[in-house]
Amino acid sequence: MSKTVKSVTSPKKFILGQNLLEELSTYTKTYGDHAYVICDEFILERAYKEASKSFEDAGHKSEFVKFNYEITQEEIDKHREAVRNSGANVIVGIGGGKTLDTAKATAYFEHLPVVIFPTIASTDAPCTALSVIYNTDGSFDRYLFLPSNPDVVIADTNILSAAPTRFFVAGIGDALATYFEARACYRKNGDNLVNLKPTLAGLGLAKMCYDTILEYGFQAKTAVDHGISTTAVENTIEATIYLSGVGAESGGLAAAHAIHNGMTAVPSLHHAQHGEKVVFGLLTQLVLESAPKEEFETVINFIKEVGLPLTLKDLGLDEFREEEWRKVAEIACAEGDTMGNMPHPVTPDDVYQAIIAANALGESYHN
């Protein structure tokens with residue numbers, strides 16, 4: 001394939017609004033008349049109560065089943081068999097990332113359309129053509145790269161704003177890195193998340209994501225603190241789920257997510273959210289890039305404003321052990337990870353030094 005093949009990939013539809021659960025069949029009826037709905041346990045009863053009536057009113061069938069806590073090949077196979085036995089012809093996922101990934105994977109293997117309905121806005125995963133599969137013991141198994149993105153992604157701002165603020169803010173953290181990673185990848189002419197070249201559209205959406213969360217993130221966080229949805233919340237959700245998802249997939253990732261992947265090897269950080277670790281990865285990336293002071297300060301002031309962790313201590317690190325962080329740096333530079341999308345070559349030692357520098361900078365801005 002030519003080295004200049006570029007791409008923009010996204011869900012066919014992104015729907016944003018309030019009280020969308022009770023209108024669910026409106027968004028599935030184009031794709032099928034029998035929905036198989038995989039739900040997180042906490043929303044199963046509510047989803048059945050609010051959404052099943054919309055299927056009945058449309059003269060369609062639906063069944064609501066509980067997601068069993070972990071996305072394993074066994075869990076996917078269980079749902080595949082149930083789908084075949086039921087005769088369902090459209091899959092719906094309602095819940096967090098693992099539930100949504102299970103719905104995506106089940107739909108892919110059964111050659112059926114999929115509608116995605118996130119209940120927390122903690123990452124941009126709902127929009128992507130990817131499922132992350134784990135082993136039964138909770139360890140990472142593999143990435144399942146899907147040939148297409150979800151058919152519909154529905155963001156119900158009432159539900160998303162009612163989730164704990166920490167998840168919402170973690171989504172802002174994940175999205176904060178999108179532009180800087182896409183920018184690095186574009187400068188390098190690296191590979192985006194579908195292994196093609198980044199596009200102007202990908203970079204443009206990533207920039208719009210950054211501008212939107214800087215403008216509305218703090219207002220939105222304050223509203224979510226009170227469990228309410230405002231225009232700022234809607235704008236921020238559009239940025240954290242759609243603009244970040246499409247910006248990352250079409251624009252590409254770089255150091256911030258590679259460093260996040262390395263940080264998963266540190267046991268005392270296991271309780272930190274994905275987006276919280278990505279933020280520290282972003283600060284480290286800015287050190288690696290020798291970013292201008294003004295850019296650094298804008299990012300750091302925003303991190304403080306919305307209450308994201310700024311230092312390793314904030315993330316829950318018990319103590320800094322050199323060998324642990326040398327390992328983080330090694331993993332971040334692994335062949336095939338996105339560190340290769342940085343405009344200049346980066347070694348594990350470069351990453352290790354940048355981690356220490358980013359943490360020291362964070363501490364100096366802490367007060």
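Worth saying up front: this structure is predicted, and the values here are computed from it rather than measured.
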Salt bridge (charged side-chain N to carboxylate O under 4.0 Å, His left out) involving Glu323 - partner list, sequence neighbours excluded: none

Determine whether a donor-acceptor pair (N or O, by modelled atom type, separation under 3.5 Å) exists between the side chain of Glu75 and the backbone of Phe67. no

Leu100, Leu16: one ILVMFWY side-chain cluster at the under-4.5 Å cut-off? yes

Asp225 versus Thr165: any side-chain heavy-atom pair under 4.5 Å? yes

Point-to-point distance, once rounded to the nearest 0.5 Å, from CG of Leu310 to NZ of Lys304: 7.0 Å

Within-4.5 Å side-chain heavy-atom neighbours: Glu63 and Val37: no

With no hydrogens and no angle check, just 3.5 Å: does a side-chain donor-acceptor pair link Asp40 and Thr99? yes

Checking the side chain of Lys104 only, and the main-chain atoms of Leu130 only, is there a donor and an acceptor separated by less than 3.5 Å? yes

Between Tyr69 and Glu41, do the side chains contain an N or O donor and an N or O acceptor separated by less than 3.5 Å? yes

Hey, are the side chains of Thr236 and Thr240 touching, using non-hydrogen atoms and a 4.5 Å cut-off? yes

I need the full list of side-chain hydrogen bond (donor to acceptor under 3.5 Å, both in side chains) pairs touching residues 333-344, with sequence neighbours left out, sorted by first then second residue. Asn261-Asp337

Taking a hydrophobic cluster as the set of Ile, Leu, Val, Met, Phe, Trp and Tyr residues connected by side-chain heavy atoms closer than 4.5 Å, whether directly or through intermediates, do Ile120 and Val132 fall within one such cluster? no

Please check if the side chain of Asn149 supplies one atom and the backbone of Cys127 the other of a donor-acceptor pair under 3.5 Å. yes

Among residues at least two apart in sequence or on other chains, which ones pass salt bridge (charged side-chain N to carboxylate O under 4.0 Å, His left out) with Arg80? Glu110

Does Asp211 pair with Lys207 as a salt bridge, N-O distance under 4.0 Å? yes

Can the ring centroids of His260 and His274 be said to lie less than 6.0 angstrom from one another? yes

Mind checking the OG1-CG spacing from Thr311 to Leu317? Nearest 0.5 Å is all I need. 9.0 Å

Under 3.5 Å donor-acceptor, Ser161 side chain and Val224 backbone: no

Is the shortest side-chain heavy-atom distance between Tyr27 and Leu20 below 4.5 Å? yes

From CA spacing to verdict: side chain to side chain donor-acceptor pair (under 3.5 Å), Glu249, Thr128: CA-CA 7 Å; Glu249 197 164 63; Thr128 60; 4.9 Å; no

How many angstroms lie between atom CG of Leu44 and atom CZ of Arg46, to the nearest 0.5 angstrom? 13.0 Å

Rounded to the nearest 0.5 Å, the OG1 atom of Thr157 sits from the CG atom of Leu160 at a distance of 7.0 Å

Are Arg321 and Glu319 ion-paired here, with the side-chain N under 4.0 Å from a carboxylate O? yes

When you compare the side chains of Asp156 and Asn19, does any donor N or O come within less than 3.5 Å of an acceptor on the partner? no

Note: Glu22-Lys53 ion pair, threshold 4.0 Å (strictly below): no

Under the side chain to side chain contact (heavy atoms under 4.5 Å, CB included) rule, what do Val83 and Thr106 come out as? Steps first, then yes or no, please. CA-CA 9 Å; Val83 167; Thr106 304; 4.1 Å; yes

Give a yes or no on whether a salt bridge exists between Glu322 and Arg326, defined as a side-chain N under 4.0 angstrom from a carboxylate O. yes

Does Leu196 reach the side chain of Lys6, with side-chain heavy atoms less than 4.5 Å apart? no

Aromatic Phe55 / basic Lys61 pairing, under 6.0 angstrom, 45° off normal: no

Could you tell me whether the side chain of Gln285 and the main chain of Ala255 form a donor-acceptor pair under 3.5 Å? yes

Take a 6.0 Å sphere around CZ of Phe14 and say whether it holds more than 12 heavy atoms from other residues, nucleotides or ligands. yes

Is Glu295 salt-bridged to Arg183, going by a charged N under 4.0 Å from an acidic O? yes

One thing to verify: whether Glu81 and Arg84 come together as a salt bridge, which I'm taking to mean a side-chain N less than 4.0 angstrom from a carboxylate O. no

List the steps, then state whether side chain to side chain contact (heavy atoms under 4.5 Å, CB included) holds for Leu112 with Val90. CA-CA 6 Å; Leu112 292 173; Val90 57; over 6 Å; no

Test side chain to side chain contact (heavy atoms under 4.5 Å, CB included) on Glu276 and Asp174; report intermediate values, then the result. CA-CA 7 Å; Glu276 294 170 343; Asp174 193 30; over 6 Å; no

Treating Ser25 as the side-chain partner and Ser54 as the backbone partner, does any N or O pair qualify as donor plus acceptor under 3.5 Å? yes

Between Thr72 and Asp141, does a side chain to side chain donor-acceptor pair (under 3.5 Å) hold up when you go through it step by step? CA-CA 8 Å; Thr72 59; Asp141 176 11; over 6 Å; no

Would you indicate whether the side-chain heavy atoms of Val152 and Phe117 approach each other to under 4.5 Å? no

With a 3.5 Å distance limit and no angle check, can you tell me whether Asn158 reaches the backbone of Gln18 through a side-chain donor-acceptor pair? no

Phe180 ring center within less than 6.0 Å of Tyr210 ring center: yes

Side-chain donor-acceptor pair under 3.5 Å between Glu305 and Asn301, yes or no? no

For the CD1 atom of Ile355 and the OG1 atom of Thr284, what is their distance to the nearest 0.5 Å? 5.5 Å

Thr178 and Ser244 side chains, donor-acceptor separation under 3.5 Å: yes

Check this for me, if you would: do Lys313 and Glu363 make a salt bridge, where the nitrogen-to-carboxylate-oxygen distance has to be below 4.0 angstrom? no

Kindly say whether Gly340 contributes a backbone atom to a donor-acceptor pair with the side chain of Lys188 at under 3.5 angstrom? yes

Charged N to carboxylate O below 4.0 Å: is that the case for Lys98 and Asp101? no

Taking all atoms of both residues into account, what is the closest heavy-atom pair of Ala254 and Ala184, and its distance? CB-CB, 3.9 Å

Is there a side-chain contact between Phe280 and Asn359, using heavy atoms and a 4.5 Å cut-off? yes

Is any side-chain heavy atom of Ile76 less than 4.5 Å from a side-chain heavy atom of Gln73? yes

Start with the C-alpha gap between Thr347 and Tyr352, add the side-chain angles, then the distance that decides, and say whether side chain to side chain contact (heavy atoms under 4.5 Å, CB included) holds. CA-CA 9 Å; Thr347 67; Tyr352 176 73; over 6 Å; no

Once you round to the nearest 0.5 Å, how far does OG1 of Thr298 lie from CD1 of Ile303? 11.0 Å

